[in-house]
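Just so it is clear, the model here is predicted, and its values are computed rather than measured.
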Amino acid sequence: PLTREGVGKTISTVFPTVKAMGEEKVSKIFYLTAKTITRTVASDTVNILRQDNLLLKSLIITAKDKICVLDKPDCNPGSCERAKGHFDRVNDCIFDLINNEDDISREVILAYSNKYKVCPFEMCLDVSMWVDFIICDYNYAFDPNVYLRRFFGDRKQDYVFLIDEAHNLVDRACNMYSASLYKEDFLKIRRLVGKKSQKLYRALTKCNKDLLDWKRDWERLTVIDDITDFAIHLTNLAAAFVEFFEDYSEIEAKDEILELYFDVLHFINIYQLLNDKYLIYLDYSVERDLMIKLLCVDPSDNLKSYLNNIKSAIFFSATLLPIRYYVDQLGGREDDYAIYAPSPFPEQNKLVLIGDEVSTRYSRRNNYEYMKILDYIKIFTRARVGNYMVFFSSYKMMEDISELALNLEEESMPSIIMQKGNMDEGEREEFLNEFIENPEKTKIGFCVLGGIFGEGIDLTGDRLIGAVIVGPGLPMKDDERELLRRYYDKKDGQGFKYAYLYQGMNKVLQAGGRVIRTMEDKGAILLLDDRFLYQEYQNLFPREWFLYKVVKRDELKETIDEFWDGV
C-alpha cells in the first residue's frame with residue numbers, strides 16, 4: 001500500500017507499471033476506482049505520459065445504466081434498435097475505433113456506438129479485449145455478479161491491479177459479498193405467479209414457510225448458525241424459476257419476478273462462500289417484513305480469491321491508517337510491502353487547529369452546542385477572504401446548523417452554499433465552480449464527511465484555503481454495525497475501532513486532505529470536537545498533523561491571524 005495525499009500517488013503507480021508492460025512483464029493493467037472523478041485522474045495521468053510519446057491504448061468502462069441509450073436498459077431487439085443487428089455491425093465498429101483512437105473515453109464510446117448503431121456498453125466490453133489499460137469500478141474486478149469473466153477465470157494471469165482510494169474497498173467489498181432476502185418478496189411473487197406453475201408456487205411457499213418459522217421465534221436481530229435446509233429450498237426454487245421462464249418468456253410483472261430470481265441466485269452464490277468471516281442474522285421491518293442476511297464482516301478471503309489470480313496488486317490512498325487494519329481487511333500477507341510517503345509540502349504552509357470546547361456526541365447535539373460551532377466557523381472564515389469547506393458528520397447536523405446560520409445577521413456570516421443529497425454530475429460541477437480563484441468575497445461550502453466533496457477533488461491554490469471538520473465522523477450506530485462491533489470484540493477486542501473509529505477518522509483525514517494539494521498551496525484545518533485530543537483518535541493522525549494547536553474560541557482569531565500574516 002502507498003499512502004499520503006497530493007504526493008503523486010497516481011503517476012508513481014502508473015509509470016512503473018507501464019514500464020513493466022513495456023518490458024513484457026505485464027500484459028494488461030486495471031486501474032480500479034470507487035468514484036467517477038478518480039477515473040478522470042487516471043485518464044489524465046496516462047495522457048501526460050502520452051505527451052512523452054507513450055504508445056498505449058486506454059479505456060474507461062462506464063456502467064450500463066449510465067451509458068445505455070434507453071432510459072432503462074432493455075437488451076432485446078424488440079425494445080432497443082441497437083440490439084437488433086448489433087453483432088452484424090459491432091466488429092466493424094471495433095476495428096474502426098481501435099485503429100483510430102488511443103484515449104477511449106465514455107464520449108468516444110458513445111460517438112462510435114452512435115455511428116454504427118451498436119450497444120455502447122457491450123461494444124465497450126468487446127473493446128476492452130484490445131486495450132492495454134482499463135479504468136473501471138472495483139465491481140468489474142471483485143464483484144461476484146459483474147466481474148469481467150472474459151479476463152478473470154481460474155487461471156492466473158499476468159495482470160496488475162492499481163487500486164485507487166483503497167480505503168473505500170473495505171466497505172464496498174463487504175457489500176459485494178453479502179446477500180439478503182425478504183419474506184414479503186416470496187409472497188408477492190407467489191401472488192403474481194398464481195397457479196401458472198404449481199412447481200414454482202410450491203417452491204415459493206416452502207421458502208416462505210422457512211422464513212415464517214423463523215419469524216415466530218424472532219427476537220431483535222436474531223443471529224443463526226445453520227440455514228442448510230433453507231439453502232436447499234432456495235436451490236430448488238431457482239430451478240423452478242428457470243422452468244417457469246421457459247414456459248412464460250413474456251409475462252406481466254416479469255421484471256419483478258426476475259428481480260427475486262436474481263436475488264435468490266446471488267444469495268445461493270454467497271452461501272457457498274460462508275466461513276467464519278460471516279454472520280447470518282434475521283431482522284424485521286414493518287415495510288418489508290422479515291429479512292435474512294448473509295453479512296460479510298471481513299472481506300479478506302473473498303478479495304484474496306481474486307488477487308491470487310493476478311500477478312500483482314498495488315493499493316494506494318492518502319488514508320490507509322492504521323496500515324495493519326487495511327492489510328488484514330484487503331487480503332494482504334505478512335510479507336507484503338507498505339510505503340508511507342511523508343508530506344513534501346512546506347510545514348509552514350499548513351495550520352492544524354483543534355477546538356476542544358465543542359462536542360458532537362449525539363447526546364450533545366442541540367442549539368447551544370451548534371452556536372459554539374458557528375462561532376468557531378465565523379472566526380475561522382473571517383480571518384482571510386477566501387473559499388472554505390465545512391464538513392459535518394451528518395446531513396441532519398449540516399441542515400440544523402445551516403438554519404441557525406441563516407438566522408444570523410447577514411454581515412456576520414459569509415455566503416454559504418450547501419451540498420444536496422443525490423447530486424448529479426452537473427450539480428456537483430456547478431457546486432465546485434463556486435470555488436473560484438482570487439475570490440473577492442468569502443464563500444463557504446457546507447458538506448458532509450465521507451460525501452462526494454470529502455475526497456477526490458482538487459481545489460488548488462486559493463480555490464480552497466481552509467476546512468472545518470465538525471466531529472470525528474463516526475458511523476451511525478445501527479444493528480448491523482453493532483453486530484460488526486461484537487464480532488471484532490470477540491475476535492480481538494477491537495470492536496469499536498473496526499466498526500466505528502477507523503471509518504470515521506478516515507473521512508476526517510480525507511476531508512483535511514482537500515486543503516493542501518500543491519507545493520504552493522497555503523491553508524488551515526480546524527477540527528471541532530474534544531475527542532480529537534483522545535489518544536486513540538490521535539493515533540490515526542498523519543505525521544504532519546502533530547504540530548496542531550489547541551484553541552479556545554477567544555484564542556482563535558489571534559492564532560489564525562498570526563498564521564495568515566506569516567504566509
Is the backbone of [Y] close enough, under 3.5 Å, to the side chain of [X] for a donor and an acceptor to pair up by distance?
X: K277; Y: C296; result: no
X: T235; Y: A231; result: yes
X: K311; Y: K25; result: yes

For K117, all residues meeting salt bridge (Lys or Arg N to Asp or Glu O under 4.0 Å), sequence neighbours excluded: none
Residues which pass salt bridge (Lys or Arg N to Asp or Glu O under 4.0 Å) with K183, listed by chain and number, not counting sequence neighbours: D289
May I ask you to say whether [X] pairs ionically with [Y], meaning some side-chain N is under 4.0 Å from a carboxylate O?
X: K206; Y: D210; result: no
X: D479; Y: K293; result: no
X: D164; Y: K9; result: no
X: R150; Y: D126; result: yes

Looking at side-chain heavy atoms only, is the closest gap between [X] and [Y] below 4.5 Å?
X: Y281; Y: E480; result: yes
X: Y278; Y: N302; result: yes
X: K199; Y: N236; result: no
X: F151; Y: S128; result: yes
X: L234; Y: Y271; result: no
X: E430; Y: M423; result: no
X: W130; Y: L59; result: no
X: N139; Y: R172; result: yes

For a quick test of your reading: what N or O donor-acceptor pairs under 3.5 Å do the side chains of residues 188-198 make, sequence neighbours left out?
{"residue": "R190", "atom": "NH1", "partner": "T205", "partner atom": "OG1", "Å": "3.0"}
{"residue": "R191", "atom": "NH2", "partner": "E184", "partner atom": "OE2", "Å": "3.2"}
{"residue": "S197", "atom": "OG", "partner": "L200", "partner atom": "N", "Å": "3.1"}

D298/S300 under side-chain hydrogen bond (donor to acceptor under 3.5 Å, both in side chains): CA gap, chis, key distance, verdict: CA-CA 6 Å; D298 179 348; S300 56; 2.8 Å; yes
Looking at [X], I'd like to know if its [atom1] atom is crowded, meaning that more than 12 non-hydrogen atoms belonging to other residues, nucleotides or ligands lie closer than 6.0 Å.
X: F15; atom1: CZ; result: no
X: K66; atom1: NZ; result: no
X: E425; atom1: CD; result: no
X: E259; atom1: CD; result: no
X: K304; atom1: NZ; result: yes
X: E399; atom1: CD; result: yes

Distance, nearest 0.5 Å, that separates [atom1] of [X] from [atom2] of [Y]:
X: D143; Y: L148; atom1: CG; atom2: CG; value: 10.5 Å
X: I61; Y: I135; atom1: CD1; atom2: CD1; value: 10.0 Å
X: L211; Y: I292; atom1: CG; atom2: CD1; value: 6.0 Å
X: L258; Y: F241; atom1: CG; atom2: CZ; value: 8.5 Å
X: T33; Y: Y140; atom1: OG1; atom2: OH; value: 10.5 Å

Derivation of the side-chain hydrogen bond (donor to acceptor under 3.5 Å, both in side chains) call for D158 and S27: CA-CA 6 Å; D158 58 347; S27 66; 2.6 Å; yes
For F142, the option from F161, F30, Y147 that meets ring-ring contact (aromatic ring centres under 6.0 Å, His included): F161
Test side chain to side chain donor-acceptor pair (under 3.5 Å) applied to D71 - qualifying residues, sequence neighbours left out: none
Please list every donor-acceptor pair under 3.5 Å in which a side-chain atom of residues 431-439 meets a protein atom from a residue at least two apart or in another chain.
{"residue": "N433", "atom": "ND2", "partner": "E429", "partner atom": "O", "Å": "3.2"}
{"residue": "E434", "atom": "OE1", "partner": "K443", "partner atom": "NZ", "Å": "3.2"}

Centroid-centroid under 6.0 Å between F446 and F392 rings: yes
S58 and R50: CA distance, side-chain angles, deciding distance, side-chain hydrogen bond (donor to acceptor under 3.5 Å, both in side chains) verdict: CA-CA 11 Å; S58 63; R50 285 195 179 102; 2.9 Å; yes
Any side-chain donor near an acceptor of the partner, N175 and S178, under 3.5 Å: no
Any donor-acceptor N or O pair under 3.5 Å, side chains N100, Y112: no
Residue list, ring pair (Phe, Tyr, Trp, His ring centres under 6.0 Å) with F133, at least two apart or on another chain: none
